[in-house]
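Side chains included, hydrogens not; waters and symmetry mates left out as well; all remaining heavy atoms used.
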Amino acid sequence: MGRLYQSLKDDDIKFTSADIEKALVKKCKDAKGKENRLCYYIGATSDAATKTINEVTKPLSYHVPVEIICEKLKKKDSQICELKYDKQVDLSTVDLKKLKVKDLKKILEEWGESCKGCAEKSDFIRKINELMPKYAPNAASARTDL
């Protein structure tokens with residue numbers, strides 16, 4: 001929620017409920033991962049089951065702190081403020097062999113890639129090492145095990 005508020009401030013959006021709602025819906029079209037989940041929960045996506053976007057836009061228009069908005073929304077849907085961001089993996093120092101397959105898949109997913117035909121952990125590691133210069137060039141040049 002804090003990231004959404006900050007992005008609205010950065011984009012110089014007029015802080016009226018209607019303008020905030022338009023901006024949120026626009027941002028939610030391109031959102032992925034946790035942002036998409038948040039958008040779904042508040043009803044800013046086309047496939048959302050509920051429409052509680054007004055419960056977010058009205059307080060935001062008055063610059064109410066995000067923590068207070070979350071407390072109020074908890075009564076309606078406790079999932080909204082329980083969303084936590086995953087830790088980012090430092091690809092320049094991490095030993096890929098020690099990561100779980102789930103984490104390796106998540107790295108590829110963040111890059112918008114998939115590993116078709118990957119059956120074992122070594123397949124995912126190979127794919128990440130192949131794609132690292134494209135998506136994380138700094139990490140690729142810092143790695144010494146390549």
Side-chain angles (χ1 to χ4, degrees), residues 1-13 15 17-57 59-60 64-146:
M1 187 78 84
R3 282 187 182 185
L4 281 172
Y5 177 69
Q6 191 59 46
S7 68
L8 292 173
K9 283 174 59 177
D10 293 344
D11 294 344
D12 291 328
I13 301 295
F15 274 84
S17 286
D19 290 340
I20 292 172
E21 184 172 341
K22 283 180 197 169
L24 277 176
V25 170
K26 186 177 176 185
K27 287 207 177 301
C28 287
K29 282 183 183 175
D30 301 328
K32 292 181 182 170
K34 300 289 182 183
E35 278 94 4
N36 185 293
R37 262 309 89 198
L38 177 69
C39 291
Y40 176 80
Y41 291 151
I42 63 173
T45 60
S46 59
D47 63 340
T50 60
K51 284 281 187 197
T52 57
I53 195 166
N54 291 335
E55 307 289 331
V56 175
T57 57
L60 280 178
V64 173
V66 173
E67 295 79 21
I68 294 173
I69 297 171
C70 272
E71 287 301 315
K72 289 181 181 177
L73 288 174
K74 248 183 203 173
K75 296 172 189 163
K76 293 184 186 254
D77 188 356
S78 61
Q79 302 175 86
I80 292 174
C81 296
E82 290 175 1
L83 284 172
K84 300 280 186 248
Y85 286 95
D86 301 326
K87 277 186 169 179
Q88 291 293 70
V89 177
D90 183 11
L91 290 171
S92 58
T93 58
V94 73
D95 185 2
L96 294 174
K97 294 174 187 141
K98 291 184 179 179
L99 290 178
K100 295 178 181 177
V101 173
K102 178 177 124 182
D103 296 329
L104 296 172
K105 285 181 180 179
K106 200 176 289 182
I107 291 169
L108 288 171
E109 188 179 301
E110 285 174 6
W111 291 346
E113 296 283 345
S114 64
C115 191
K116 291 183 180 162
C118 292
E120 301 199 10
K121 189 175 188 174
S122 59
D123 297 331
F124 288 101
I125 292 171
R126 185 176 27 78
K127 184 75 169 181
I128 288 172
N129 284 329
E130 279 176 26
L131 295 170
M132 199 179 298
K134 180 179 177 186
Y135 292 102
N138 296 338
S141 62
R143 289 186 71 86
T144 56
D145 61 74
L146 291 177

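- With a 6.0 Å radius and a threshold of 12 heavy atoms from other residues, nucleotides or ligands, Gln6 has its CD atom above the threshold.
- Distance check: Cys118 SG to Ile125 CD1 gives 10.5 Å after rounding to the nearest 0.5 Å.
- For Lys27, the salt bridge (Lys or Arg N to Asp or Glu O under 4.0 Å) test picks out Asp11, with sequence neighbours left out.
- For the pair Leu99 and Ile107, the minimum side-chain heavy-atom distance is below 4.5 Å.
- Within a 6.0 Å sphere centred on NZ of Lys22, heavy atoms belonging to other residues, nucleotides or ligands number 12 at most.
- Distance check, rounded to the nearest 0.5 Å: CG of Leu108 to CD of Glu110 gives 9.5 Å.
- Two residues are said to be in side-chain contact when any heavy atoms from C-beta on lie closer than 4.5 Å; Ile20 and Ile53 fail this criterion.
- Counting all heavy atoms, side chain and backbone alike, Leu131 lies closest to Trp111 at CB-CZ3, 3.8 Å.
- Judged purely by atom type and a 3.5 angstrom limit, Lys121 uses its side chain to pair as donor or acceptor with the backbone of Lys97.
- Residues Ile68 and Glu71 fail the side-chain proximity criterion, which asks for heavy atoms closer than 4.5 Å.
- Atom CG of Asn54 sits about 5.5 Å away from atom CD of Glu21, to the nearest 0.5 Å.
- With rounding to the nearest 0.5 angstrom, the CG atom of Leu24 is 11.0 Å from the CG atom of Asp19.
- Using a 4.5 Å cut-off on side-chain heavy atoms (C-beta onward), Leu96 and Phe124 make no contact.
- We find the CD-OG distance between Glu109 and Ser114 to be 10.0 Å, quoted to the nearest 0.5 Å.
- Counted by atom type alone, Tyr135 and Glu113 present one or more donor-acceptor pairs between their side chains at under 3.5 Å.
- Looking only at side-chain heavy atoms (C-beta outward), Ile42 and Glu55 stay at 4.5 Å or farther from each other.
- Atoms CG and CD1, on Leu60 and Ile69 in that order, are 4.0 Å from each other to the nearest 0.5 Å.
- Contact check on Arg126 versus Asp123 returns a salt bridge, with a Lys/Arg side-chain nitrogen under 4.0 Å from an Asp/Glu carboxylate oxygen.
- With sequence neighbours left out, the ring-ring contact (aromatic ring centres under 6.0 Å, His included) criterion links Phe15 to Tyr5, His63.
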